[in-house]
Every structure is written in structure tokens, then in C-alpha cells.
Amino acid sequence: MLDKKYDHKLVEENRYQKWEDNHYFECGDTSKKPYSIVIPPPNVTGKLHLGHAWDTALQDIIIRFKRMQGYDCLWLPGTDHAAIATEAKVVARLKEKNINKYELGREEFLKECFKWTDEHKSIIHSQWAKLGLSVDLTKERFTLDDGLSEAVKYVFVELYNKGLIYRGERIINWDPVAKTALSNEEVIYKDVEGAFYHLKYYLKDSDKYLEVATTRPETLFGDTAVAVNPNDERYKDLIGQTVILPLVGKEIPIIGDEHADPEFGTGVVKITPAHDPNDFEVGNRHNLERIKVLNEDGTMNENALQYVGMDRFQCREALIKDLDAKGLLISIEKITHSVGHSERTDAMVEPYLSKQWFVNMESLSKRVLENQKNKETKVNFVPPRFEKIMNNWMSDCHDWCISRQLWWGHRIPAWYRDEEIYVGLTAPEGDGWVQDEDVLDTWFSSALWPFSTMGWPNKTDLYERYFPTDTLVTGYDIIFFWVCRMTFQSLEFTNQRPFAHCLIHGLIRDKQGRKMSKSLGNGVDPMDMIDKYGADALRYYLTTSTAPGMDLRFDEEKLTSTWNFINKLWNASRFVLMNIGTIKEINLTNLNQESKWILTKLNNTIKDVTKYMEKFEFNNVGSVLYSFIWNDFCDNYIEMAKFSSDAVSTQSTLLYTLTCILKMLHPFMPYVTDAIYDSLPIHDENIMISDYPVYDKQLVFKDSENNVNEIINFIRSFRNTLKENNIGSNYQVKINFKEELIIKMLKLQEKITNEDLEITKFKVSSKNYEAIIYYEKEITEDDLKLIEKQKAELQASILKRTNLLNNANFVNKAPQDLVAKEKEKLASEKLELAKLEQR
RNA sequence: GGGCGAUUAGCUCAGUUGGUUAGAGCAUUAGUCUUACAAACUAAGGGUCAUAGGUUCGAGUCCUAUAUCGCCCACCA
């Protein structure tokens with residue numbers, strides 16, 4: 001028997017261990033059809049946040065549902081080494097101990113990283129368990145483990161051999177704090193206060209000058225030209241002449257290039273090919289020298305004259321002061337402009353000329369776009385609009401910079417000897433080869449996740465059986481980073497999509513709609529919420545509160561009401577258990593009308609819930625279940641069942657309905673449903689491996705449903721009449737029916753009279769039932785007003801409906817059953833009005 | 001500049017291929033210990049569905065435009 005009160009802590013304690021001990025999460029029953037999901041591997045950088053809880057709860061719901069539907073389910077868990085993110089954390093931790101990464105050396109530093117990883121993996125494991133996730137831990141992978149590293153190397157070498165990976169000197173995004181290159185996707189643009197510095201670039205041997213505006217004056221040491229638009233009347237005659245670079249005194253040419261926009265600023269732009277991507281292109285067109293002025297850490301290098309060694313921002317300040325002193329500064333114009341910042345270190349990113357490895361995206365992205373046109377093989381996004389995000393990105397994407405000047409990650413399988421390059425799975429034969437120091441972008445390995453985790457490139461049983469996966473669940477914020485890249489790598493290397501469905505969810509925000517972040521301090525720890533309300537409540541709330549793809553405003557009050565819902569389920573279960581005696585089997589014959597009614601409702605619910613589960617519309621599942629359980633089962637059926645609880649059919653119906661409810665709720669709230677299910681007198685080994693309810697036509701009774709619906713509505717209007725008219729308990733009633741259910745529910749036995757009494761009457765009626773309530777009472781102004789109001793409403797409705805039915809277009813074009821319904825309704829409204837007028 | 005989303009009750013959100021009187025939770029009002037549950041029960045109030053047009057017998061839903069808010073991408077010398 002269940003405890004008197006629902007206590008989520010008692011319910012959830014030790015239950016996960018039991019599931020694991022029984023190996024319920026493990027896949028491998030080859031007699032069943034396979035279904036697979038790979039977890040988006042959380043970074044080993046820290047604890048899981050609410051976003052993870054949401055994302056993984058969704059997956060657990062899908063996998064538990066499919067498991068109960070009889071699939072052999074693989075939910076493959078794992079973690080991501082998260083190159084730069086983890087490296088930054090470890091560097092910070094070492095710094096606390098006054099240890100510098102470079103002094104420590106590569107090998108020792110990596111040991112520290114692995115130590116960090118192990119600590120965080122175990123935190124993640126315990127959090128997965130708290131959340132109740134049914135991941136198959138025997139299949140767990142880590143992006144840096146041996147198998148995955150082999151896959152990464154294999155892919156790198158293959159792409160290199162196909163000419164899709166190349167090494168080149170380009171302008172990339174440089175993070176001067178982490179001292180590494182970044183991909184475009186790792187740069188966050190933020191509006192910052194800055195300035196346009198207007199400088200004088202004097203023409204050679206002249207007192208005339210060009211006014212050049214720049215936001216980064218410190219790069220002028222790298223200027224190798226100034227550009228004007230060749231069609232700009234103001235300047236076109238100057239093309240071919242030279243100007244003197246301020247302070248430096250060097251002579252640089254004035255060139256004509258379309259890049260200079262006559263409408264923007266002064267129309268003159270300084271060209272710094274080593275520090276700006278556009279200038280780099282201009283430099284290529286005009287064969288300009290590339291002069292770097294910055295070191296890797298963002299300080300000025302030897303080209304910066306006396307400013308050498310200064311930080312870039314210090315230099316800017318000093319330089320401007322000196323330019324001003326020499327009369328070379330015209331003005332400082334305050335502006336806000338958007339400036340790139342490193343996603344991980346938040347440092348201002350510097351466009352920087354550097355030799356890096358790139359993936360040529362042209363053919364890879366084209367293949368994704370082609371594949372999305374094929375209905376049979378495309379990745380199906382839910383909701384579908386997110387496909388556009390992938391397609392847009394794929395139709396306009398730059399080459400992917402994949403090398404990172406870090407230590408934590410997959411080291412690039414390239415070796416150099418003088419001018420020679422060797423790329424291969426293992427080091428080349430011979431002396432003098434030096435391996436590339438750099439590692440790969442962390443997304444390079446995650447892009448292979450759906451198949452590398454299954455043992456690919458080896459043709460393992462796991463890979464053959466579970467790949468391609470069925471569904472991937474992730475937030476819309478990482479469609480570029482991850483979903484796109486998995487898709488092109490999968491198409492390129494396996495000739496298959498990585499997953500058939502991609503369920504996209506939104507972001508969690510705080511109650512005011514702000515993004516949760518450390519700097520705002522508005523983050524909520526899912527473990528605190530589990531502590532307060534239980535994992536079941538948290539999971540149900542997160543997964544049923546929004547439509548697919550929408551953001552979620554986290555609201556703790558709603559967690560409370562979810563807890564209440566579970567408490568309601570708990571108590572309803574207690575009622576059932578207290579009333580079914582020593583039932584041995586479920587026998588659904590000789591059913592009374594209310595049992596037929598709830599079974600009909602139940603089967604319609606099963607049908608709807610299954611439909612919505614298949615479509616990943618969990619918010620709809622939630623509302624259908626909520627109203628069925630609370631309104632139909634608890635408020636109505638249990639109340640009615642109290643009058644027939646000694647009947648076998650009622651006991652069977654109670655138990656049967658509750659069992660189905662528990663099974664449908666199980667994917668959402670695994671703990672409490674397991675606990676209740678265990679205490680039922682009739683049950684399978686475990687709810688999570690029991691059969692999902694199936695719509696049963698035999699248990700649908702249309703007539704009973706209609707009649708009991710009418711009874712319920714009649715009871716409501718009866719109570720409403722008592723309440724609205726302030727009728728005390730000493731009324732008498734005359735009824736035209738013998739329906740026991742109504743009499744019992746309204747406790748009318750003692751009040752029934754057969755006479756017409758000469759006191760105030762109130763009529764309650766429906767299609768089949770009518771009651772006249774007699775009550776000693778003065779009719780007040782308010783009572784009359786109420787009657788007038790009701791009459792007016794009815795009359796308005798009758799008028800509207802009459803007009804509708806007089807409309808030939810409606811009668812001819814609308815579906816016939818709708819027209820019939822309207823007619824029926826009109827008739828009953830007229831009847832009701834007539835009754836009101838009698839009063 | 002290109003794209004996407006949102007705008008529905010006091011708040012947070014649903015609303016299916018167009019079809020009853022547009023729903024839920026919380027909040028509000030009035031009543032109730034009714035032996036599963038007072039974190040409950042019973043009943044009630046509350047919405048010109050952002051605005052303006054259009055299509056249709058019929059529009060929260062489809063089309064066009066506008067406004068406000070948010071997000072993504074590109075650009076930003």
C-alpha cells in the first residue's frame with residue numbers, strides 16, 4: 001500500500017539503481033526492431049544545467065516510449081572533451097596554483113586535463129542518474145577515447161586525400177587569451193563603445209592629406225596601401241600616387257579598389273592585409289605585402305616601433321596621444337560598433353594572418369542541400385522550419401578553420417620535414433619528421449558522433465544495427481555547430497543521413513525572459529529543483545510546457561503545480577488500491593454506464609496520446625493526459641465509482657484505467673509511475689518494459705459516453721442553480737427521471753417530492769433529465785436580473801444560429817453533420833428558452 | 001541588408017488539414033473537512049485573438065501590408 005503522502009524523495013531514492021541492476025537500459029534484443037538515439041555529449045567542463053535536463057528528458061521520453069512499444073532501444077551516452085572550453089578551465093585551475101601551462105609542458109598538462117575530465121564525468125553520471133535517464137551505460141563513449149580518435153584521424157586523412165582539407169595562410173579569428181585560432185561560429189559579436197579615429201595620411205611631398213578613418217589605429221604599422229573607389233570623383237586622380245604613413249614615415253601607394261565605399265566614412269580606407277579579412281583580399285588583388293604587427297598574445301611586435309611589447313589597447317591609447325601631438329589626428333568620433341569576442345574566453349578577437357588547416361566546404365555542403373531534396377533520405381526537422389536554418393547556412397558557408405593552437409584535443413595527423421608534408425594515420429618512416437603541434441576543433445570530432453561512437457570506421461555489429469540513428473534531440477542554438485556538420489560528415493563517409501528526425505527545442509530563459517547566464521546570476525541548478533520537487537516533476541514540467549521549438553520561461557510556480565498533479569495521481573492511486581480489494585484478474589464485462597464512459601474516454605486518450613507521442617508533441621500529450629486524469633478520472637469517474645466500488649467490473653475498470661494512465665505517464669515521470677505500478681496487485685515485471693497501451697475498439701461505447709456526459713453536465717447545472725440562487729440545503733425537488741447516478745451524486749433521495757409545491761421554483765433541465773427545485777425564497781431583484789441575463793444570452797445565440805441556418809451557402813457547403821448539429825442545438829436552445837420563460 | 005519567431009484572460013502558455021460558446025495552469029470571486037487528495041473539492045468571473053485590408057458560407061488559424069518585441073546570419077575601414 002502507498003504511503004499517505006506523496007514524498008518524491010522517498011519515491012526516487014534507490015530506484016535508478018534497481019533499473020540499472022536489472023539491465024533494463026541495455027539494448028541488444030535482436031528479435032525486436034531497433035531504435036536509436038545518441039545523446040548530445042555534454043562538455044566535461046562542468047555540471048549539467050537546466051538546458052541539459054530539458055534536452056535529455058526529451059530523449060528519455062522518446063526512448064522509454066519506444067522501448068514500451070516493443071523496440072530494441074539504444075540510447076548511447078557520452079561526453080565531449082570540449083577542446084578550448086575544457087582547456088580554459090584547466091588553465092584557470094592551474095593558475096590558482098600559480099602553475100603555467102607552458103612551464104608544465106604538454107604531457108603533464110594533458111594529465112591534468114584527464115584528471116579534470118574524470119572528475120566531471122562522474123558528476124555527469126550522477127546527474128544523469130538523478131534525472132532518471134535510461135541511457136545504456138555499457139555503450140558510453142568519450143570524444144577523446146581510442147576508438148573515436150581513430151575515427152577522427154581516419155576522416156582527416158581521407159578528406160586530405162580527397163583534397164577537401166588543406167593548409168593555408170589566411171586571415172582567421174584569433175583569440176589572444178587562449179592564443180588559438182577560432183572558427184567563425186566560435187566568435188560572438190557584441191556591440192561595444194568604440195571610436196572612429198580620423199587620421200591624416202599626407203600625400204608625398206605635399207601639404208595635402210587624405211582623411212582616413214579607422215577603429216583600430218594600432219594596425220597602421222601594418223598598412224601597405226590606402227584604397228579609394230576607382231569611381232570616386234574626389235579621389236580617382238590620386239590613384240597611383242603615394243601617401244606617407246603617419247609616424248612611420250613609410251611611403252605607401254594609393255590604390256583604386258571596389259572595396260572602398262564612397263558612401264562610407266571619408267571614402268578612404270587604409271589597407272592592412274595581415275589584420276583584416278577584406279584588406280587581405282584587397283592585398284591579394286594588388287599584390288601587397290602582409291605585415292603583422294601583433295604577437296600571439298595581443299601585444300605589439302617589432303614592427304610597432306617604440307610601442308613594441310605594449311598591449312594592443314595600451315598601444316592604441318599611446319599612439320593616439322602621439323598622433324595628436326604631431327597634428328596627425330583630426331578627430332575622434334564616438335561610435336558603437338559590433339566587435340567579435342571569443343565564445344570561451346570573451347577576449348576581443350583579432351583578425352590575424354596565420355597558417356591553419358581548413359575544410360573546403362563547397363562539395364560537402366552541396367551534398368547536404370541535395371540530400372534535403374530527397375524525402376526518403378533527408379533529415380526531418382521537427383518543427384520543419386528549422387530545416388531552413390540548415391539550408392541557409394549550407395548554401396552560404398565559408399571554409400571551416402579546424403586547427404587550434406591548443407593541447408587538449410585530437411592532434412592533427414600531419415608531419416612536416418622542411419617543405420614536405422605528410423598526412424597519415426601514423427607517423428611517417430624516416431628521420432626528421434615533426435608532428436603538427438596543433439589539435440582539431442572540438443566540433444570536428446563531434447561531427448562524427450552518431451557513427452564514431454558505434455565503432456565506425458569498423459563495421460561493428462553496433463554500427464550495422466543502430467546506424468543511422470532514428471532521432472537526434474538538440475537546441476536550435478547548435479544547428480550550425482553540430483547538426484549541419486554531423487549531416488555533411490555522415491553523408492560523405494557513410495552515404496547515409498546521421499538521423500531520420502531532428503527534434504529541435506528552444507532555450508531556457510528566466511521568468512523575465514532573459515537568457516540564463518553566470519554573469520546575471522539567474523541560473524537555476526536542476527539538482528536543486530529535483531531536491532525540492534523531484535525529477536518526475538521537473539521532467540514533466542520541462543517537456544510539456546511549450547510547443548516544439550519554442551523557448552521556455554522557467555517558472556518555479558509551475559513546478560509546484562506539476563508536483564500537485566503528481567500528488568493527485570498518487571492519491572487517486574491510493575483510492576484505487578483501497579477499493580479494489582483482493583482482485584485477481586481484470587474482468588471488463590457487465591460494465592455499468594460510467595465504467596463504459598471512462599473506458600471510452602481512456603481509449604480516446606490512448607489514441608490521442610500515441611498520435612502526439614509519435615509527432616513529438618509532448619505539450620499536447622501533457623494536456624490530454626492532465627485533463628483525462630484530473631477531470632475525467634479523478635473528478636468524475638472516481639466520484640461515481642464510489643457508489644459501485646464493490647462490483648468486480650468497477651474494480652477492474654479502476655485498476656485497468658490506472659494501469660494505462662501509469663504507462664502513458666511513465667516516459668515523463670519514470671519514478672513515481674514505477675513506484676505505484678509496483679504496488680498494483682496485478683502487474684508485469686517492471687513498468688518500463690511493459691507494453692504501451694493500445695487503442696481498443698472493444699472498449700469504446702459511444703452511447704454510454706454521450707449519456708454520462710449529459711449526466712455530468714446536468715449535475716453541474718444543478719449545482720450551479722443552487723449556488724447562483726443561494727438555495728440552502730432544505731430544498732425539495734421533483735424529477736422526471738430515475739437515473740440513480742444523478743440522484744446519488746446530488747444526494748437527492750431525501751429531497752424528492754411528487755407534488756407541485758406552491759413555493760418558488762427553479763428548473764434544471766437537459767435533453768433527458770429535468771428537475772424542479774422548490775425552495776422557500778423571496779425572488780429578489782438580483783434573481784430577476786439573472787434570469788433576464790440568461791434569457792438575453794439565449795436569445796442572442798438563437799438569433800445567430802437561425803441566421804446561420806437560413807444562409808443557403810452554409811447549409812449547402814458546410815459538412816452535413818455540422819449542419820445537423822447546428823439544427824439540433826438550435827432546437828434545444830429554443831426549448832430551454834421556453835422553459836425559462838415559464839418561470 | 002537577408003532570414004526566422006512572437007504578439008491570444010492579470011501572468012505564463014496551448015490552440016491540429018479553416019468549422020460548436022477560443023482552452024489550461026497560476027492568480028481572482030463565492031462556498032465546502034464531501035473518509036484518495038485542503039498543495040483538495042464545488043461553482044463562477046475574466047479574452048473586440050497586435051492593427052488594417054483581403055479570400056471564404058465561415059478566419060485566432062490562409063493571403064497582403066503595418067506596428068512592437070526577440071533571435072539568427074551577413075556587413076560594420
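Naming: A, B, ... by sequence-line order, numbering from 1 per chain.
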Short side-chain N/O contact from A:Lys515 to OP1 or OP2 of B:G70, under 4.0 Å: no
For A:Asn807 and for A:Ala260, locate the closest nucleotide of RNA chain B by heavy-atom distance; then report the residue assigned to the nucleotide nearer the 5' terminus. A:Asn807
Ion pair present between A:Arg553 and A:Asp555, side-chain N to carboxylate O less than 4.0 angstrom? no
Using a 4.0 Å heavy-atom cut-off, write out nucleotides 3-12 of chain B from 5' to 3' as B (base contacted by protein), S (sugar-phosphate only) or - (no contact). SSSS-----B
If you check the A:Leu818 side chain, which of B:C26, B:A77, B:G19 turns out closest? B:G19
Would you say A:Arg719 places a side-chain N or O within less than 4.0 Å of OP1 or OP2 belonging to B:U42? no
Could you work out which one of B:A36, B:C71, B:A14 sits closest to the side chain of A:Asn571? B:A36
Side-chain donor or acceptor of A:His275 paired with backbone N/O of A:Val293 under 3.5 Å: yes
Winner on side-chain proximity to A:Thr546, out of B:A77, B:A14, B:A44, is B:A14
Is the phosphate of B:A40 approached by A:Asn564 (side-chain N or O, under 4.0 Å from OP1 or OP2)? yes
Between A:Asn636 and A:Asn631 (side chain of the first, backbone of the second, donor and acceptor by atom type, cut-off under 3.5 Å), is there such a pair? yes
If I take atom CD in residue A:Glu829 and atom P in nucleotide B:U21, what distance separates them, rounded to the nearest angstrom? 9 Å
Presence of salt bridge, A:Lys611 and A:Glu614, under 4.0 angstrom: no
CG of A:Leu559 versus P of B:A39: gap in Å, rounded? 18 Å
Sequence neighbours excluded - salt bridge (Lys or Arg N to Asp or Glu O under 4.0 Å) pairs with any residue from residues 615-626 of chain A: A:Lys615-A:Glu617
For a quick test of reading the model: is some side-chain N or O of A:Arg574 closer than 4.0 Å to OP1 or OP2 of B:C37? no
Taking B:G19 as the reference, what is the distance to B:C76 when you measure between their P atoms (whole Å, please)? 48 Å
Contacts of A:Lys568 meeting side chain to side chain contact (heavy atoms under 4.5 Å, CB included) (sequence neighbours excluded), chain-then-number -> A:Trp630, A:Cys634, A:Asp635
Give a yes/no verdict on base stacking between B:A36 and A:Trp570: centres under 5.5 Å, planes within less than 30° of parallel. no
Among B:A44, B:C57, B:G25, which nucleotide has an atom closest to any side-chain atom of A:Arg716? B:A44
Could you state the atom-to-atom distance from CG of A:Leu552 to P of B:C71 in whole Å? 17 Å
How far, in whole Å, is B:G46 from B:A9 if one measures between their C1' atoms? 6 Å
Send over the distance from A:Glu724 CD to B:U29 P, rounded to a whole Å. 18 Å
Using only atom types and a distance under 3.5 Å, with no angle test, would you say the side chain of A:Asn812 pairs donor to acceptor with the backbone of A:Ala808? yes
A:Lys642 side-chain N/O to B:U35 phosphate OP1/OP2 under 4.0 Å: no
Taking the same atom, C1', in B:G23 and in B:C49, what whole-Å distance lies between them? 12 Å
Given the side-chain rings of A:Tyr775 and A:Phe762, with only the six-membered ring counted for Trp, is the space between their centroids under 6.0 Å? no
Report yes if a donor N or O on one partner sits less than 3.5 Å from an acceptor N or O on the other, where the partners are the side chain of A:Ser561 and the base of B:C26; otherwise report no. no
Might you work through the side chain to side chain donor-acceptor pair (under 3.5 Å) test for A:Thr560 and A:Glu557, ending with a clear yes or no? CA-CA 5 Å; A:Thr560 311; A:Glu557 277 179 28; over 6 Å; no
Starting at CG of A:Asp510 and ending at C1' of B:G70, how long is that distance when rounded to a whole Å? 14 Å
C1' atom, B:A59 versus B:U64: distance in rounded Å? 15 Å
Could you identify which residues of residues 632-641 of chain A place a heavy atom less than 4.0 Å from some atom of RNA chain B, listed by residue number, or say none? A:Cys634, A:Asp635, A:Ile638, A:Glu639
Rounded to the nearest angstrom, tell me the gap between atom CG in A:Asp608 and atom C1' in B:G15. 14 Å
Which nucleotide in B:A14, B:A39, B:A77 has an atom nearest any side-chain atom of A:Lys5: B:A39
Return each pair, listed once, that meets salt bridge (Lys or Arg N to Asp or Glu O under 4.0 Å) where at least one residue sits in residues 801-815 of chain A; pairs must be two or more places apart or across chains. A:Arg801-A:Glu822, A:Arg801-A:Glu829
Is a side-chain donor or acceptor of A:Ser545 paired with a backbone partner of A:Leu542 at a separation under 3.5 angstrom? no
Ignoring hydrogens and angles, are the base of B:A30 and the side chain of A:Lys723 linked by a donor-acceptor pair under 3.5 Å? yes
Is the phosphate of B:G70, meaning OP1 or OP2, less than 4.0 Å from a side-chain N or O of A:Arg514? no
How far does the C1' atom of B:G45 sit from the matching atom of B:A38, given to the nearest Å? 23 Å
Do any N or O atoms from the side chain of A:Asp510 and from the backbone of A:Met516 form a donor-acceptor pair under 3.5 angstrom? no
Is the distance from OP1 or OP2 of B:A40 to the nearest side-chain N or O of A:Asn567 less than 4.0 Å? no
Side chain of A:Arg801, heavy atoms from C-beta onward: which of B:U20, B:A40, B:G25 has the nearest atom to it? B:U20
Nucleotide of B:U16, B:A40, B:C72 approaching A:Lys568 most closely (side-chain heavy atoms): B:A40
Name of the residue among A:Tyr6, A:Tyr541, A:Tyr540 meeting ring pair (Phe, Tyr, Trp, His ring centres under 6.0 Å) with A:Trp563: A:Tyr6
Report yes if at least one side-chain N or O of A:Lys4 is closer than 4.0 Å to OP1 or OP2 of B:C37; otherwise report no. yes
How is the base pairing of RNA chain B summarised as a dot-bracket string, given the Watson-Crick and G-U wobble criteria with both distances under 3.5 Å, [ ] for crossing and | for another strand? (((((((..((((.....[...)))).(((((.......))))).....(((((..]....))))))))))))....
What interatomic distance, in whole Å, is found between C1' of B:A14 and the corresponding atom of B:A52? 27 Å
In whole Å, measure the gap between the P atoms of B:A6 and B:C63 for me. 12 Å
A:Asp632 side-chain N/O to A:Tyr637 backbone N/O, donor-acceptor pair under 3.5 Å: no
Of A:Ile566, A:Thr673, A:Leu569, the residue whose pairing with A:Asp536 passes side chain to side chain contact (heavy atoms under 4.5 Å, CB included): A:Ile566
Which nucleotide in the list B:U20, B:C41, B:G25 gets nearest to the side chain of A:Lys825? B:U20
For B:C41, take OP1 and OP2 only and decide whether either is under 4.0 Å from a side-chain N or O of A:Trp630. yes
Counting side-chain heavy atoms from C-beta on, which of B:A77, B:A40, B:U56 comes nearest to A:Lys813? B:U56
Please report the distance, rounded to the nearest Å, between CD in A:Glu822 and C1' in B:G58. 11 Å
Take the protein atom NE2 of A:His259 and the nucleotide atom P of B:C75, then report the distance between them rounded to whole Å. 12 Å
When the nearest nucleotide of RNA chain B is assigned to A:Ser573 and to A:Asp551 on a heavy-atom basis, which residue is associated with the more 5' position? A:Asp551
